[in-house]
Every structure is written in C-alpha cells, then in structure tokens.
Amino acid sequence: MSKGIVRFVLELVLGAGVIMLMSYIFDGVYVRDFSIAFLVAIVLSLLNKFVKPILSVLALPITIMSLGLFQLVINGVILYLAVMVLKPDFQIASFGLTILTAICISILYSILGIGKD
C-alpha cells in the first residue's frame, strides 16, 4: 500500500475517534458505534472536499462582513449535512450544538493534523 492511502485511513480512524469523543463530551450528540463514527469521518471528508468550497465561495461576502466568523456557520452546515445523511445512527440535538460540535471537531482535527494535504 502507498503511504498516501495508509495516511488517509489513519486520518479516518483518528477522525472517527474525534467523532466518538464528541458523543462522550456532549449529551446531545449521539453516535451509535465506532463504525458509524468511521462513516461520519468519511462523509465529513467528502463534504469538506466537494461541498464546503462551493458554500465558502457563495458565502464569501457574508464571511468577509463577519470577519470570518460565518465560516463557523458553514462548518456547522457541513456537519448538519453529515447528520442528515447518517440519521438515525448519528444525531445532534440542535443546530447550536451542531456548530459547537463542528468547532470542537475542527480544533481537534487541526491539533491531530487531519485533512492537511
């Protein structure tokens, strides 16, 4: 196997661990088991690769006016889309909690170096 594939799978496993951690930290986040968390990591990876750039371009004026804070909402929308795809095995109680969870996931992904090319 190539190093790129091994790194990608390792990032997905670490991402799944982060998702599971969110379900332990926040009462309103439900993940059925680690296999669902792994699927969430895959879905988030795909959404971040294909959908997030489109949303970011469309929301650029609002993002500029909010000094970048609207990017937090975009991250919440991406996570909400993942929830919609994987319901009922992955649920978050409210959109506010979705944004908070997305912030925590982003911080942990940055610390772990997940998603960096």
Side-chain angles (χ1 to χ4, degrees):
M1 266 200 286
S2 81
K3 288 183 181 179
I5 294 173
V6 171
R7 178 168 170 80
F8 179 67
V9 172
L10 178 63
E11 286 183 0
L12 289 176
V13 170
L14 286 172
V18 169
I19 301 300
M20 287 301 295
L21 181 62
M22 294 299 106
S23 71
Y24 291 113
I25 292 174
F26 299 114
D27 288 334
V29 178
Y30 169 75
V31 182
R32 189 183 71 191
D33 56 26
F34 190 79
S35 64
I36 296 301
F38 190 78
L39 282 175
V40 171
I42 292 171
V43 170
L44 283 177
S45 176
L46 291 171
L47 289 171
N48 282 326
K49 185 77 169 172
F50 297 110
V51 177
K52 187 174 180 179
I54 295 168
L55 290 178
S56 295
V57 168
L58 291 174
L60 188 60
I62 298 169
T63 303
I64 290 171
M65 289 189 311
S66 70
L67 303 176
L69 291 176
F70 194 73
Q71 196 65 36
L72 299 174
V73 175
I74 292 172
N75 287 342
V77 168
I78 294 297
L79 185 57
Y80 179 76
L81 290 173
V83 168
M84 298 281 59
V85 169
L86 295 168
K87 235 180 197 175
D89 297 323
F90 176 53
Q91 297 177 19
I92 300 179
S94 67
F95 189 70
L97 183 57
T98 302
I99 291 175
L100 181 61
T101 304
I103 291 168
C104 292
I105 289 171
S106 296
I107 291 169
L108 290 172
Y109 271 32
S110 294
I111 291 170
L112 295 172
I114 298 173
K116 306 291 183 224
D117 291 291

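The first residue in the sequence is number 1, and the count goes up from there. Worth saying up front: this structure is predicted, and the values here are computed from it rather than measured.
By the rule that hydrophobic residues join a cluster once side-chain heavy atoms approach within less than 4.5 Å of another member, Val57 and Val51 end up as members of separate clusters. Taken together through direct or relayed side-chain contacts under 4.5 Å among Ile, Leu, Val, Met, Phe, Trp and Tyr, Leu81 and Leu58 form parts of separate hydrophobic clusters. If you chain together hydrophobic residues whose side chains sit under 4.5 Å apart, Leu60 and Ile78 never meet in one group. Follow the hydrophobic side-chain contacts under 4.5 Å out from Ile114 and you reach Ile111 in the same cluster. Under a hydrophobic clustering in which Ile, Leu, Val, Met, Phe, Trp and Tyr are joined whenever their side-chain heavy atoms come within less than 4.5 Å, directly or via other members, Val83 and Tyr24 fall into the same cluster.
In terms of heavy-atom proximity, Ala16 sits nearest to Ala37 at O-CB, 3.5 Å. Between Gln71 and Ser56, the closest heavy-atom pair is NE2-OG, 3.3 Å. Pairing each heavy atom of Phe26 with each of Cys104, the nearest pair is CZ-SG, 3.8 Å. The heavy-atom pair separating Ala41 from Gly15 by the smallest distance is CB-C, 4.1 Å. Counting all heavy atoms, side chain and backbone alike, Leu12 lies closest to Ser45 at CD2-CB, 4.5 Å. Across Ile54 and Phe50, no two heavy atoms sit closer than the pair CD1-O, 3.4 Å.
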Test side chain to side chain contact (heavy atoms under 4.5 Å, CB included) applied to Ile74 and Thr63, step by step = CA-CA 9 Å; Ile74 292 172; Thr63 303; 4.3 Å; yes
Would you sort out whether Val13 and Phe34 count as a side chain to side chain contact (heavy atoms under 4.5 Å, CB included), showing the intermediate values?
-> CA-CA 9 Å; Val13 170; Phe34 190 79; 4.2 Å; yes
Go through Val18 and Leu14 one step at a time and tell me if the side chain to side chain contact (heavy atoms under 4.5 Å, CB included) criterion holds.
-> CA-CA 6 Å; Val18 169; Leu14 286 172; 5.7 Å; no
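For residues 83-110, every residue pair satisfying the salt bridge (Lys or Arg N to Asp or Glu O under 4.0 Å) rule, not counting sequence neighbours, is listed here: Arg32-Asp89. Screening residues 55-70 for salt bridge (Lys or Arg N to Asp or Glu O under 4.0 Å), with sequence neighbours left out, gives no hits.
For Ser35, the side-chain hydrogen bond (donor to acceptor under 3.5 Å, both in side chains) criterion is met by Asp33, not counting sequence neighbours.
With rounding to the nearest 0.5 Å, the separation of CG in Leu44 from CG in Leu39 is 11.0 Å. With rounding to the nearest 0.5 Å, the separation of CG in Leu97 from CE in Met22 is 10.5 Å. Between Ser106 atom OG and Asn48 atom CG the span is 7.5 Å, to the nearest 0.5 Å. Atom CG in Leu79 sits 11.0 Å away from atom CE in Met84 (nearest 0.5 Å). One distance of note links CG of Leu47 with OH of Tyr80; it measures 13.5 Å at 0.5 Å rounding. Between atom OH of residue Tyr109 and atom CG of residue Asn75 there is a gap of 11.5 Å, rounded to the nearest 0.5 Å.
Between the side chain of Gln91 and the backbone N or O of Pro88 there is at least one donor-acceptor pair closer than 3.5 Å.
Atom OH of Tyr30 has more than 12 heavy atoms from other residues, nucleotides or ligands within 6.0 Å. At most 12 heavy atoms of other shown residues, nucleotides or ligands fall within 6.0 angstrom of atom CZ in Phe8.
For the side chain to side chain contact (heavy atoms under 4.5 Å, CB included) with Ile19, the lone residue among Ile36, Val40, Thr101, Val29 that qualifies is Val40.
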